[in-house]
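Throughout, protein chains are lettered first and strands after them, A, B, ... in sequence-line order, and every chain is numbered starting at 1.
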Protein chains: 2
Amino acid sequence: MALSHAIMTALLEDDMSGYELAKAFDVSLGFFWHASHQQIYQQLHKLAEQGLLDKETVVQRSRPDKILYRLTEAGREELAQWVFGPSRVQEAKDDLWVKLYNLSEANLAHLSGELRQRRDEMMQRLYLYEKIRRRHYAEPDSLPLRRKGVYLALLAGIRQGEQFLAWCDEALSMLSNIDSPSSP
Amino acid sequence: MALSHAIMTALLEDDMSGYELAKAFDVSLGFFWHASHQQIYQQLHKLAEQGLLDKETVVQRSRPDKILYRLTEAGREELAQWVFGPSRVQEAKDDLWVKLYNLSEANLAHLSGELRQRRDEMMQRLYLYEKIRRRHYAEPDSLPLRRKGVYLALLAGIRQGEQFLAWCDEALSMLSNIDSPSSP
DNA sequence: AGCAATCATGCAATAAGTTGCATAACCTAA
DNA sequence: TTAGGTTATGCAACTTATTGCATGATTGCT
């Protein structure tokens with residue numbers, strides 16, 4: 001059960017509503033994790049039931065009411081313990097790799113297109129994450145310990161992304177050098 | 001539904017039993033995908049029911065009987081169509097990143113240990129995949145088209161792995177430079 | 001005036017994936 | 001000889017994740 005711990009982690013510093021969590025997930029942990037709002041709401045209910053989170057309804061004018069969640073002491077302890085627990089390597093299970101195994105003349109153009117699109121998406125992500133890095137993690141050595149961990153995760157994401165870009169270029173160049181069967 | 005397509009992809013070249021598929025998954029698609037045998041058996045039943053695979057029971061002496069699965073024409077067509085369908089980026093959802101967000105003096109030593117372990121595991125994987133690369137993909141430009149796709153996927157896995165190693169070293173060196181709170 | 005987007009939460013049904021167990025025969029090494 | 005590993009498939013119960021829908025006010029754009 002890892003999503004619940006990701007949620008608790010996101011609540012370490014700020015109390016948030018489900019809606020805010022879903023957005024925070026997209027930027028902060030977003031490089032490594034994605035969760036739909038439905039999933040987040042479901043997990044929040046469970047965590048609150050288990051006493052790991054406290055609810056607090058915040059009435060808003062001109063906006064629907066929201067429910068703020070806050071880590072309880074029990075939640076903090078559970079999270080701290082969880083770090084010592086086992087965790088195994090999780091493969092990305094990305095369709096792209098499976099599709100590549102099916103490369104053929106029929107889908108060559110399509111897959112090249114998909115690669116170009118992935119490349120563009122990754123560029124945009126990297127742009128965002130590099131900005132965060134420069135703004136908040138310019139001097140990693142002087143960060144407090146916990147932030148150093150966040151920095152290292154961010155760095156892993158950036159490096160992964162840059163590696164992916166380079167691979168895309170290589171793959172695209174290889175694919176563009178293939179003669180289509182209809183050409184002489 | 002991507003596992004089913006990964007299974008069909010694995011059956012493109014060879015007919016296999018569930019057991020053989022599970023093992024093939026660990027080596028070939030293993031860099032990008034993992035599936036338990038239960039999951040594979042379940043999917044095989046479904047795919048056979050849908051007419052995408054054919055079953056054939058092979059009686060063996062000195063071994064339990066096995067059930068060979070073969071792609072049907074319908075299966076091949078479904079797979080070919082699927083390649084043109086949408087696919088989105090899938091995050092790895094690896095606990096490691098979430099754990100890093102929780103870095104503290106209490107778990108610093110533990111997380112360093114986990115990093116070292118991950119690094120070792122990745123080294124072993126890379127060793128295996130580099131061997132496959134040298135043996136079967138030494139001259140990628142002269143491969144038939146489909147194998148070029150497999151090569152590109154393999155290459156992505158290798159590059160990703162190498163990047164991860166480099167990141168691990170950087171992370172470990174950063175973490176080892178932290179004074180523990182009990183030392184002067 | 002109307003339309004899309006944002007804020008905010010949720011239910012219900014289904015699909016996908018995990019965990020634990022069960023069976024059964026052979027092979028190998030201590 | 002007996003314990004552990006490999007080959008081989010499967011059920012049942014459970015958790016996790018996805019898909020599709022519903023609601024409803026406000027804000028900003030055209």
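- Distance, B:L44 CG to C:dA16 P: 14 Å, rounded to whole Å.
- Geometrically, B:R146 does not engage A:Y101 in a cation-pi contact defined by less than 6.0 Å to the ring centre and at most 45° from the axis.
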Test log, rule salt bridge (Lys or Arg N to Asp or Glu O under 4.0 Å), inputs A:E20 and A:K23: CA-CA 5 Å; A:E20 289 162 343; A:K23 283 205 304 181; over 6 Å; no
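- Between B:A171 and B:L115, the shortest heavy-atom distance links the atoms CB-CD1, 3.8 Å.
- Rounding to whole angstrom units, CG of residue A:L21 and P of C:dG10 are separated by 13 Å.
- In terms of heavy-atom proximity, A:E78 sits nearest to A:L52 at CB-CD2, 4.0 Å.
- We find that NE2 of A:H5 is positioned 14 Å from C1' of D:dT15, with the value rounded to whole Å.
- For A:Q124, the CD atom sits in a loose shell: 12 or fewer heavy atoms of surrounding residues, nucleotides or ligands are nearer than 6.0 Å.
- Computed from coordinates, the B:I40 CD1 to C:dT19 C1' distance equals 16 Å when rounded to whole Å.
- A pairwise comparison of heavy atoms in A:E162 and A:L126 identifies N-CD1, 3.8 Å as the closest pair.
- Straight-line distance from the CE atom of A:M16 to the C1' atom of C:dC7: 16 Å, rounded to whole Å.
- Rounding to whole angstrom units, CD of residue A:Q43 and P of D:dT18 are separated by 12 Å.
- Using a cutoff of 4.0 Å between basic side-chain nitrogens and carboxylate oxygens, A:R118 and A:D94 are scored as salt-bridged.
- For the residue pair A:H45 / A:E49, no side-chain donor-acceptor distance below 3.5 Å is found, with atom types taken as modelled.
- Rounded to a whole Å, the NE2 atom of B:H34 is 15 Å from the C1' atom of C:dA16.
- Residues from residues 84-92 of chain A with heavy atoms under 4.0 angstrom of DNA chain C, sorted by number: A:R88.
- Contact annotation: A:K46 side-chain N/O to D:dT16 OP1/OP2 distance is under 4.0 Å.
- Counting to the nearest Å, the C1' atom of C:dA16 and the CD1 atom of B:I7 are 12 Å from each other.
- One finds no salt bridge joining A:D95 and B:R88 here, because no Lys/Arg side-chain nitrogen approaches an Asp/Glu carboxylate oxygen to under 4.0 Å.
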Per-nucleotide protein contact string for nucleotides 5-12 of chain D (B base, S sugar-phosphate only, - none; heavy atom under 4.0 Å): -SBBBBBB
